Participant: 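Quick one: the structure is below, questions incoming.
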Amino acid sequence: MKRLLLFTFIGILMFGCNSNEKEIPSGKMELTDGWARHGKAGMMSAAYFNLTNNTKKADTLISISSDVTHITQIHKSYQTEDGLMGMQEQAFVALPIGKTTSFEQGGLHVMIIQPERDLSDGDSVTLTLSFSSMDSLVVKLPVKTLSN
Amino acid sequence: MKYIQTILIIIISVILFSCQSGPKVIDDLSDTTFQLVNQDSVTVSFPDDYQGKYVVMGFIYTNCPDICPLITQNLIKIQRELGFPEDVQFLGITFDPERDTPSVLSDYKEVFKLNDNFDFLTGQPETVSAFMDSVRVRSQVSLTTITSDGKEIYFMNHSDKIMVLDKKSRVIIEYGGSMPQVPNLIIEDFQSLK
Ligand SMILES: [Cu+2]
């Protein structure tokens, strides 16, 4: 009995200390490092970002829309079995609790198909991300010319 | 006896290896000519027009917003880090000539803010197809999407390559085109050439 109490006590202490060390989750879905690729109207562009699920629930990204085109898709670049590079449309992207999912060049990307206006340096693109649980997230991303 | 044989083999291979001057030739493109056209609609005889220059070339299609810009960015990086040399021609060659007309390629070049020693090439579909065969670049239509005005857009699966030709139009270097380490590898190769 005494022993059980001791363990409980230690357990509470450890738990308490632990929660002090851990970063307190913001409770939000957080998008950072976002940018969209430069391009001309009618060409193709893409957008990239890091998406961190700091909510208390696992969630799923189910679609993305944009103010510059009617067609926005979630794609992933991949290597085919015979060594070619291609892209696959993704129906959804799982967002586990506490994890950052990267949309980055050569991997997951947002396809901005045939934008209706030129996307030049200094412009921005607004994306609306829809999730299966939480409310949608509206973000404004800068347009960048990347050449490094 | 076997011991002597082994030593002999080693000696012969060392001699053979040291006799080989310059980098290994992967392919010789000098005996075929392809009539292509650049982003300014100027006809280009490939590779004849580039004899006497190194050529660094990547293969792209402009409706590709992810992998192909990585290839183009790698070419840009190589050119910049080599110091924009006059004797090295940079080329982006499309395997989608139906859509990548000179004016589309001109827009693409403008968006990437490229200079005179960096051209994009296209051509008649049959010529481009024969050219791509000669450099072992494959491409095929993969997924399609219908736009709001009912038009179909296609995307392609394709080889991912950057190649370097020497001044005699021989392929001497070949790497995956989009990988981030490729510019450094090619720059090192260039340093050992010169
Ligand atoms: Cu894509």
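Numbered from 1 within each chain, the chains take letters A, B, ... in sequence-line order. Source: prediction; values computed, not measured.
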Participant: Indicate whether the side chain of B/Asn117 and that of B/Lys53 have a donor and an acceptor atom separated by less than 3.5 Å.
Facilitator: yes
Participant: Which residues in residues 159-173 of chain B have any heavy atom closer than 4.5 Å to a heavy atom of chain A?
Facilitator: B/Ser159, B/Asp160
Participant: Checking heavy atoms, do the side chain of B/Ile146, its backbone, both or neither come under 4.5 Å from chain A?
Facilitator: backbone
Participant: Would you mind listing every ring pair (Phe, Tyr, Trp, His ring centres under 6.0 Å) that reaches into residues 94-123 of chain A, with sequence neighbours excluded?
Facilitator: A/Phe49-A/Phe103, A/His75-A/His109
Participant: Does A/Asn53 use its side chain to pair, donor to acceptor, with the backbone of A/Lys57 at less than 3.5 Å?
Facilitator: yes
Participant: Does one side chain, of B/Tyr50 or B/Asp119, offer a donor that lies under 3.5 Å from an acceptor on the other?
Facilitator: no
Participant: Do we see a donor-acceptor contact under 3.5 Å between the side chains of B/Thr33 and B/Asp48?
Facilitator: yes
Participant: Name the atoms and distances for all side-chain donor-acceptor pairs under 3.5 Å in residues 117-132 of chain A, with sequence neighbours left out.
Facilitator:
| from | atom 1 | to | atom 2 | distance (Å) |
| --- | --- | --- | --- | --- |
| A/Arg117 | NH2 | A/Ser124 | O | 3.2 |
| A/Asp118 | OD1 | A/Ala41 | N | 2.8 |
| A/Asp121 | OD1 | A/Thr145 | N | 3.2 |
| A/Asp121 | OD1 | A/Thr145 | OG1 | 2.8 |
| A/Asp121 | OD2 | A/Thr145 | OG1 | 3.2 |
| A/Asp121 | OD2 | B/Lys113 | NZ | 3.4 |
| A/Asp123 | OD2 | A/Ser120 | N | 2.9 |
| A/Ser132 | OG | A/Asp59 | OD1 | 3.1 |

Participant: What distance do B/Tyr61 atom OH and B/His158 atom NE2 have between them, rounded to the nearest 0.5 Å?
Facilitator: 5.5 Å
Participant: Do the numbers put B/Arg99 on top of the ring of B/Tyr154, so that NZ or CZ is under 6.0 Å from the six-membered ring centre and no more than 45° off the axis?
Facilitator: yes
Participant: Using modelled atom types only, decide if a donor and an acceptor are shared between the side chain of B/Asp40 and the backbone of B/Val42 within a distance under 3.5 Å.
Facilitator: no
Participant: Need one label for A/Gln73: side chain, backbone, both or neither, based on atoms under 4.5 Å from any heavy atom in chain B.
Facilitator: side chain
Participant: Name, in order of residue number, those residues of residues 123-136 of chain B that have a heavy atom at a distance of less than 4.5 Å from a heavy atom in chain A; otherwise write 'none'.
Facilitator: none
Participant: Indicate whether the side chain of B/Thr43 and that of B/Gln35 have a donor and an acceptor atom separated by less than 3.5 Å.
Facilitator: no
Participant: Within the side chain of A/Ser102, is there an N or O that forms a donor-acceptor pair under 3.5 Å with the backbone of A/Glu104?
Facilitator: no
Participant: Look only at the side chain of B/Asn38 and the backbone of B/Leu121, and say whether a donor-acceptor pair between them is shorter than 3.5 Å.
Facilitator: no
Participant: When only pairs under 4.5 Å are counted, which of B/Val104, B/Leu143, B/Thr72, B/Thr62 shares the most heavy-atom pairs with chain A?
Facilitator: B/Leu143
Participant: Can you check ring pair (Phe, Tyr, Trp, His ring centres under 6.0 Å) on B/Phe118 and B/Phe120, steps first, answer last?
Facilitator: CA-CA 7 Å; B/Phe118 203 133; B/Phe120 288 92; 5.5 Å; yes
Participant: Tell me, side chain or backbone of B/Glu81 under 4.5 Å from chain A's heavy atoms, or both, or neither?
Facilitator: neither
Participant: Hey, which of B/Ser178, B/Gly176, B/Pro69 has the most heavy atom pairs under 4.5 Å with chain A?
Facilitator: B/Pro69
Participant: Measure distances from A/Thr80 to the heavy atoms of chain B and classify the residue's part below 4.5 Å as side chain, backbone, both or neither.
Facilitator: side chain
Participant: Counting only heavy atoms closer than 4.5 Å, note whether A/Met87 contacts chain B via side chain, backbone, both or neither.
Facilitator: both
